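Below you'll find the structure, written out as structure tokens, and then a few comments.
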Amino acid sequence: MKPDPLAVLARLRGAEVMLARRDLTEEAAARDAAEMRVGAAAAALREEAQHAGPDYAAWLPRGTALRDAAAEAARLAGLRTGEAAAALAAARAAERAVERLAASRAAEMRRKVLQAEQRMLDEVGSRRLPGHG
């Protein structure tokens, strides 16, 4: 028997949702790690400022550059997380569209079956009426 194209499409959409969820999870973890690096870099700046020794002036530009680079990486990771969330939303919408189409198709099939049953009942009823009247 030939596979139902709608069922195949539903499985494909389900797989796309699973992949999009995985991607979002990975991007969120990367964003969280990047935000932790920003915090660590800021903490290092504060720590070094408390011990402002002779090397502090030489270290400060490097420390601020590291903090700024970490902040930019966190910003980009946040953007990627947002993109992954949008991709998941699109995948879910596509999955729901296929589900609605399948439900619509099933309802149409039920309607046709009920119509066929009603026609059969009407036909049987019309054959009996003349003999009883």
Side-chain angles (χ1 to χ4, degrees):
M1 181 159 92
K2 189 171 138 184
D4 178 17
L6 196 55
V8 172
L9 184 59
R11 284 193 302 278
L12 174 64
R13 294 294 183 234
E16 288 172 347
V17 167
M18 284 187 348
L19 288 173
R21 279 188 182 128
R22 186 198 68 202
D23 290 347
L24 177 57
T25 300
E26 290 173 357
E27 292 298 342
R31 178 204 58 215
D32 293 347
E35 288 173 355
M36 288 183 71
R37 285 189 295 276
V38 171
L45 281 172
R46 287 190 301 274
E47 179 70 24
E48 288 296 323
Q50 290 178 356
H51 307 292
D55 296 332
Y56 180 69
W59 178 84
L60 184 60
R62 183 175 189 278
T64 55
L66 289 172
R67 181 203 57 206
D68 293 347
E72 178 62 11
R75 184 186 73 78
L76 293 174
L79 290 175
R80 285 190 302 274
T81 301
E83 291 168 356
L88 175 57
R92 283 181 176 160
E95 182 181 45
R96 283 190 303 272
V98 171
E99 288 169 353
R100 283 190 302 272
L101 182 58
S104 176
R105 182 199 277 182
E108 179 64 21
M109 294 299 279
R110 281 190 302 274
R111 188 183 64 76
K112 287 181 180 182
V113 166
L114 290 174
Q115 284 177 338
E117 288 175 354
Q118 186 62 48
R119 275 193 305 274
M120 186 177 68
L121 289 173
D122 289 346
E123 187 177 308
V124 167
S126 68
R127 282 187 252 163
R128 287 187 178 176
L129 284 178
H132 290 286

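These numbers come from a predicted model, not from an experiment.
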Closest contact, heavy atoms only, V38 versus A74: CG2-CB, 3.8 Å
Taking atom CG of D55 and atom CD of E48, what is their separation to the nearest 0.5 Å? 8.5 Å
Between W59 and L45 the two heavy atoms that sit nearest each other are CZ3-CD2, 3.5 Å
Which atom pairs, donor and acceptor, lie under 3.5 Å between side-chain atoms of residues 88-112 and protein residues at least two apart or in another chain?
{"residue": "R105", "atom": "NH1", "partner": "D4", "partner atom": "OD1", "Å": "2.8"}
{"residue": "R105", "atom": "NH1", "partner": "D4", "partner atom": "OD2", "Å": "3.1"}
{"residue": "E108", "atom": "OE1", "partner": "R111", "partner atom": "NE", "Å": "3.1"}
{"residue": "E108", "atom": "OE1", "partner": "R111", "partner atom": "NH2", "Å": "3.1"}
{"residue": "E108", "atom": "OE2", "partner": "R111", "partner atom": "NH2", "Å": "2.3"}
{"residue": "R111", "atom": "NH1", "partner": "Q115", "partner atom": "OE1", "Å": "3.2"}

Nearest 0.5 Å, what's the OG1-CG distance between T81 and L76? 10.5 Å
Begin with the C-alpha distance, continue with both residues' side-chain angles, and end with the deciding distance and a verdict on side chain to side chain contact (heavy atoms under 4.5 Å, CB included) for R22 and E26. CA-CA 6 Å; R22 186 198 68 202; E26 290 173 357; 3.6 Å; yes
Between R67 and A41, which heavy-atom pair has the shortest distance, and what is it? CA-CB, 3.6 Å
Joint cluster assignment, L12 & L6, ILVMFWY side-chain distance < 4.5 Å: yes
Between E123 and R127, is there a side-chain N and carboxylate O pair less than 4.0 Å apart? yes
Value rounded to 0.5 Å, distance of CG in D23 from CZ in R80: 12.0 Å
So, for A77 and R31, which heavy atoms are closest and what is the spacing to 0.1 Å? CB-CA, 3.6 Å
As an exercise, state the distance from CD of E16 to CG of L9, rounded to the nearest 0.5 Å. 8.0 Å
Can you tell me how far CD of Q118 sits from CG of D122, rounded to the nearest 0.5 angstrom? 4.5 Å
To the nearest 0.5 angstrom, please state how far the CG atom of D32 sits from the CZ atom of R37. 10.5 Å
